[in-house]
Number of protein chains: 2
Amino acid sequence: MTGEAIADFGDEPMTGTSDGALARAAGVTAWRQIADAIEADVMNGRLTPGSQLPTEARLAERFAVNRHTVRRAIAALAAKGLLRATQGRGTFVEAKPLAYPIGRRTRFTEIVSREGHEAGGELMSATETVADEETARRLRLMPGAPVLRTEVRRFIDGTPVSYGTSFFPLPRFAGVTAVLRETGSITRALAACGVTDYMRAETRITARLATGDDAARLDLSPGRILFVVDALNVDGTGTPVQAAHVVFAADRVELVVENG
Amino acid sequence: MTGEAIADFGDEPMTGTSDGALARAAGVTAWRQIADAIEADVMNGRLTPGSQLPTEARLAERFAVNRHTVRRAIAALAAKGLLRATQGRGTFVEAKPLAYPIGRRTRFTEIVSREGHEAGGELMSATETVADEETARRLRLMPGAPVLRTEVRRFIDGTPVSYGTSFFPLPRFAGVTAVLRETGSITRALAACGVTDYMRAETRITARLATGDDAARLDLSPGRILFVVDALNVDGTGTPVQAAHVVFAADRVELVVENG
DNA sequence: AGGAATTTGTGCGTATGTATG
DNA sequence: TCATACATACGCACAAATTCC
């Protein structure tokens with residue numbers, strides 16, 4: 001693999017006859033050779049994180065194979081988390097995972113912007129309901145107590161990294177919905193209800209594979225790994241203010257526990 | 001599903017004609033019906049964590065199918081993490097994941113025994129080598145400085161839960177090998193070198209799928225989820241004493257971050 | 001607002017090489 | 001040697017999502 005970058009061909013003629021040439025009738029399948037070529041381009045920096053690959057049609061032309069064959073190579077790399085293909089947009093090189101500190105002060109927006117990225121939040125739903133046994137125990141409420149249930153999806157530089165549901169004790173935090181819908185920031189939503197500061201009391205981390213629903217919400221392929229994070233936030237007096245159940249795309253974040 | 005537990009049939013006659021009977025020629029494959037039946041037995045507590053299933057041959061007889069069909073059902077549940085089949089031993093219901101606290105004082109043996117389980121450790125290898133760039137940075141050494149590299153596998157109640165490599169600065173911790181080989185305990189090994197107390201400074205958590213090697217070492221099926229944990233331990237003065245790179249079987253532990 | 005162009009996603013059919021029995 | 005099954009690869013057509021004018 002000494003060829004030029006796959007993405008670098010434009011209208012100019014090919015610079016080498018061996019470029020893009022596959023060893024047909026060799027022991028390795030065509031789609032795997034293509035996948036290896038693309039992966040090498042990513043590893044060598046010829047394709048940088050966030051950059052767009054040529055269209056499947058152009059890659060097929062380039063490697064002199066059918067588009068299906070290119071698609072198979074891309075699918076393999078997407079399953080590895082190296083690429084991400086979106087219908088109507090194109091295929092892109094995935095960004096490096098963001099270090100996501102988990103500590104007493106865990107604030108999504110602060111974390112992301114401190115690393116030089118743009119944080120985004122989207123309130124997907126907000127309904128008043130009653131606490132089930134598990135939620136009541138975590139929020140130290142009676143089962144059946146009124147709670148606000150919100151579903152929030154979070155983005156870094158426009159790509160979704162997590163989504164999940166949160167529960168807030170209800171007489172106290174009735175006002176979070178409006179702020180959450182407008183800003184997508186939990187911190188500001190709680191501040192609007194008089195919680196000037198809150199702390200992460202406990203974080204439980206498990207993992208599972210992405211279902212079709214997860215895949216759709218996080219724009220990744222089914223079967224990728226998800227972190228399942230159950231978090232409890234408390235106010236200055238130690239009173240629970242938020243119980244969250246969030247799934248993260250495991251190859252878009254790296255969870256970091258710092259013990260200062 | 002109102003049948004008796006699968007594991008409960010012994011020499012007594014069947015208590016109901018429908019027990020174990022499959023809806024052949026229905027829309028659901030035989031192996032999936034068997035898998036669902038076993039899963040229901042686990043969920044309802046008729047099969048408890050740690051208990052052994054009947055042999056594949058007996059299950060095949062029970063459901064009146066070929067043993068291959070039973071194996072497919074078991075394989076599906078093993079892939080979900082519900083069962084674990086070990087050659088020569090049998091098939092067992094997986095235990096619930098153990099809560100594994102990650103904090104300033106993270107001690108494997110203490111954590112496990114406090115939860116009422118038996119902790120085990122096995123030193124797989126110990127070699128003197130030199131620090132590569134990454135290891136040197138973490139241990140605050142010069143690249144090329146001598147370090148001790150150990151590979152340790154850990155068990156809870158006899159089942160492997162993690163394995164990984166650790167690096168110790170070498171002039172100081174030459175004595176850990178012997179203690180580690182004898183006790184499998186990092187805490188005692190460090191104590192033997194004069195480190196009466198150590199602290200977890202940082203823990204980085206990512207995830208990946210188990211390869212064949214991982215699967216062999218942790219006695220799980222390839223493709224299961226692994227937590228990849230990079231940890232740094234320091235002594236009372238803040239000097240790094242151990243840099244570890246450990247993989248955990250993600251469905252045998254739940255990582256818990258507590259912020260006192 | 002709307003419609004064309006672009007790009008990925010999906011389905012079907014066909015042919016070929018390679019194990020398997 | 002034949003039959004079968006499976007994965008690979010190709011070709012064509014259309015659907016669906018996004019972007020751009």
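A note on names: the letters A, B, ... follow the listed sequences, proteins ahead of strands, and every chain is numbered from 1.
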Can we say A:Arg58 and A:Glu61 salt-bridge, meaning some charged N sits less than 4.0 Å from an Asp/Glu carboxylate O?
no
Cationic N near anionic O, under 4.0 Å, B:Glu254 to B:Lys96:
no
Any side-chain N or O of A:Thr55 below 4.0 angstrom from OP1/OP2 of C:dT6?
no
Looking only at side-chain N and O atoms, does A:Thr106 offer a donor or acceptor that is under 3.5 Å from a partner on A:Tyr100?
no
Value in whole Å for how far the [atom2] atom of [N] lies from [atom1] of [X]:
| X | N | atom1 | atom2 | result |
| --- | --- | --- | --- | --- |
| A:Glu61 | C:dT7 | CD | C1' | 15 Å |
| A:Glu56 | D:dC10 | CD | C1' | 15 Å |
| A:Leu83 | C:dG9 | CG | P | 11 Å |
| A:Phe63 | D:dC10 | CZ | C1' | 17 Å |

So among B:Thr159, B:Asp219, B:Thr91, which one has a side chain to side chain donor-acceptor pair (under 3.5 Å) with B:Thr86?
B:Asp219
Do A:Ser162 and A:Arg252 touch side chain to side chain, with heavy atoms closer than 4.5 Å?
no
Indicate yes or no: at least one non-hydrogen side-chain atom of A:Ile205 is less than 4.5 angstrom from one of B:Phe227.
yes
Protein within reach of the bases, or only the backbone? For nucleotides 11-21 of chain D, mark each nucleotide 5' to 3' as B, S or -, using heavy atoms under 4.0 Å.
BBB--BBBS--
If we check side-chain contact (heavy atoms from CB on, under 4.5 Å) with A:Phe108, which of these qualifies: A:Ile186, A:Thr187, A:Ile156?
A:Ile156
Over all atoms of both residues, closest heavy-atom pair of A:Arg138 and A:Pro240:
O-CG, 3.8 Å
Would you work out how much the helix from C:dG2-D:dC21 to C:dG21-D:dC2 bends between its ends, with each end axis defined by five base pairs, to 10 degrees?
10°
